[in-house]
Q: 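I'd like to ask some things about the structure below.
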Amino acid sequence: GNYIQEWYNDKNSQETADILNVSSGQTIGNIDAQLATGSIISGRVTDVSGSGIPYVPAMAQELSDNSAHSSTSDANGYYSITGLSAGSYKVGFFTQNAGNYIAEWYNDKDSFENADTLLLAAKQTIGNIDAQLAEGGIVSGHVTDESSNGIEGIDVYIYNLSYSNIVSTSTDSEGNY
């Protein structure tokens, strides 16, 4: 549902939550919660031809406390991030599970720092926060030991010229990535 997460006793973080001391065999009752209705950010993730891209994680990061909420695009590319508190957010679209596309931040930005900020009021829905992802390139290779045997489970990272991690993968049982 579209509810704002909270910690006991109406607190917004684990650090500020009230502590309950429970002894062995003891039951403490009336530890109740009344959850507030959240705000929503939604949109569609497409390729350059306008076709929806499934399985793209969309993440909304709140700027004041760095909390992150996410959703994954459906078979037609639509996503909806629910349970958001009022605040300032940046939205990123990540492609590790969605095929050969380049990740981006809203509004067609290459980094968190450059992304447009969305101001979200309580119980507000902001729609049409869309992303059109470009097709990426492919880097492949083979990792071996000194005897030229493929090594499984080696992490391979691709960085851009600004030293930002673009994508990562691991080698398969033959050492291929």
Side-chain angles (χ1 to χ4, degrees), residues 1-6 12 35-143 153-174 176-177:
N2 181 29
Y3 298 102
I4 298 172
Q5 174 182 309
E6 72 174 46
N12 64 357
L35 301 179
T37 300
S39 297
I40 300 171
I41 296 173
S42 64
R44 187 169 189 225
V45 183
T46 61
D47 61 21
V48 294
S49 72
S51 297
I53 305 172
Y55 313 116
V56 175
M59 181 194 69
Q61 186 167 341
E62 210 282 327
L63 302 183
S64 69
D65 66 7
N66 274 340
S67 62
H69 302 267
S70 63
S71 176
T72 301
S73 62
D74 66 16
N76 297 307
Y78 292 98
Y79 75 92
S80 184
I81 305 170
T82 61
L84 301 172
S85 300
S88 298
Y89 290 85
K90 292 189 177 191
V91 179
F93 304 93
F94 306 99
T95 58
Q96 62 268 31
N97 300 320
N100 185 30
Y101 297 99
I102 299 171
E104 70 176 49
W105 289 85
Y106 183 74
N107 191 5
D108 197 29
K109 301 296 178 12
D110 65 347
S111 68
F112 175 83
E113 294 76 21
N114 295 329
D116 288 4
T117 299
L118 302 174
L119 301 175
L120 196 58
K123 300 181 184 179
Q124 179 183 13
T125 296
I126 297 179
N128 299 315
I129 304 303
D130 301 332
Q132 186 177 65
L133 303 181
E135 187 175 352
I138 296 174
V139 175
S140 64
H142 190 74
V143 178
I154 301 299
D155 294 329
V156 178
Y157 298 92
I158 305 298
Y159 290 85
N160 65 17
L161 295 177
S162 301
Y163 302 103
S164 296
N165 184 357
I166 302 300
V167 69
S168 63
T169 190
S170 296
T171 56
D172 65 16
S173 61
E174 303 293 319
N176 299 310
Y177 67 90

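All residue numbers refer to positions in the sequence shown, counting from 1. Everything numeric here is computed off the predicted structure, so don't read it as measured data.
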Q: ring-ring contact (aromatic ring centres under 6.0 Å, His included): which pairs involve residues 111-139, sequence neighbours left out?
A: Trp105-Phe112

Q: Please report the closest heavy-atom contact between Ser88 and Thr117, naming both atoms and the distance.
A: CB-CG2, 3.8 Å

Q: Which distance, rounded to the nearest 0.5 Å, do you find between the OH of Tyr89 and the CG of Leu119?
A: 11.0 Å

Q: Asn128 and Tyr106: which non-hydrogen atoms are nearest, and at how many Å?
A: O-OH, 4.4 Å

Q: Can you name the residues that form a side chain to side chain donor-acceptor pair (under 3.5 Å) with Asn114, not counting sequence neighbours?
A: Asp110, Ser111

Q: Taking all non-hydrogen atoms of both residues, which atom of Ala121 and which atom of Ala86 are closest, and how far apart?
A: C-CB, 3.8 Å

Q: Are Glu6 and Leu35 side-chain neighbours, meaning at least one heavy-atom pair lies under 4.5 Å?
A: yes

Q: Show, in sequence, the C-alpha distance, side-chain angles and deciding distance for Leu133 and Glu104, and conclude whether the side-chain contact (heavy atoms from CB on, under 4.5 Å) test is met.
A: CA-CA 7 Å; Leu133 303 181; Glu104 70 176 49; 3.5 Å; yes

Q: Considering residues at least two apart in sequence or located in another chain, which fulfil the side-chain contact (heavy atoms from CB on, under 4.5 Å) criterion with Asn12?
A: Thr16

Q: Once rounded to the nearest 0.5 Å, what's the spacing between atom OG of Ser42 and atom CD1 of Ile81?
A: 9.0 Å

Q: For residues 47-60, which side-chain donor-acceptor pairs fall under 3.5 Å, sequence neighbours excluded?
A:
from  : atom 1 : to    : atom 2 : distance (Å)
Asp47 : OD1    : Ser49 : N      : 3.0
Asp47 : OD1    : Ser49 : OG     : 2.7
Asp47 : OD1    : Gly50 : N      : 3.1
Asp47 : OD1    : Ser51 : N      : 3.0
Ser49 : OG     : Ser51 : OG     : 3.4

Q: Which heavy atom of Leu120 sits nearest to which heavy atom of Ser85, and what is that distance?
A: CD2-O, 4.2 Å

Q: So, using side-chain contact (heavy atoms from CB on, under 4.5 Å) as the criterion, who are the partners of Thr125 when residues are at least two apart?
A: Ile40

Q: Scan residues 117-142 for pairs that pass salt bridge (Lys or Arg N to Asp or Glu O under 4.0 Å), counting only residues two or more places apart or in two chains.
A: none

Q: Taking side-chain contact (heavy atoms from CB on, under 4.5 Å) as the definition, give me every residue that meets it alongside Glu174, ordered by chain and number, with sequence neighbours left out.
A: Asp172, Asn176

Q: List the residues meeting salt bridge (charged side-chain N to carboxylate O under 4.0 Å, His left out) with Lys109, not counting sequence neighbours, and say none if there are none.
A: Asp116

Q: Could you pull out all residues at least two apart from Asp155 that satisfy side chain to side chain donor-acceptor pair (under 3.5 Å)?
A: Ser170

Q: Please list all pairs meeting side chain to side chain donor-acceptor pair (under 3.5 Å) that have one or both residues in residues 58-83, counting only residues at least two apart or in different chains.
A: Gln61-Asn66, Glu62-Ser64, Asp65-Ser67

Q: Could you tell me whether the side chain of Asn2 and the main chain of Gly38 form a donor-acceptor pair under 3.5 Å?
A: yes

Q: Could you give the distance from CD1 (Ile138) to CD1 (Ile158), rounded to the nearest 0.5 Å?
A: 11.5 Å

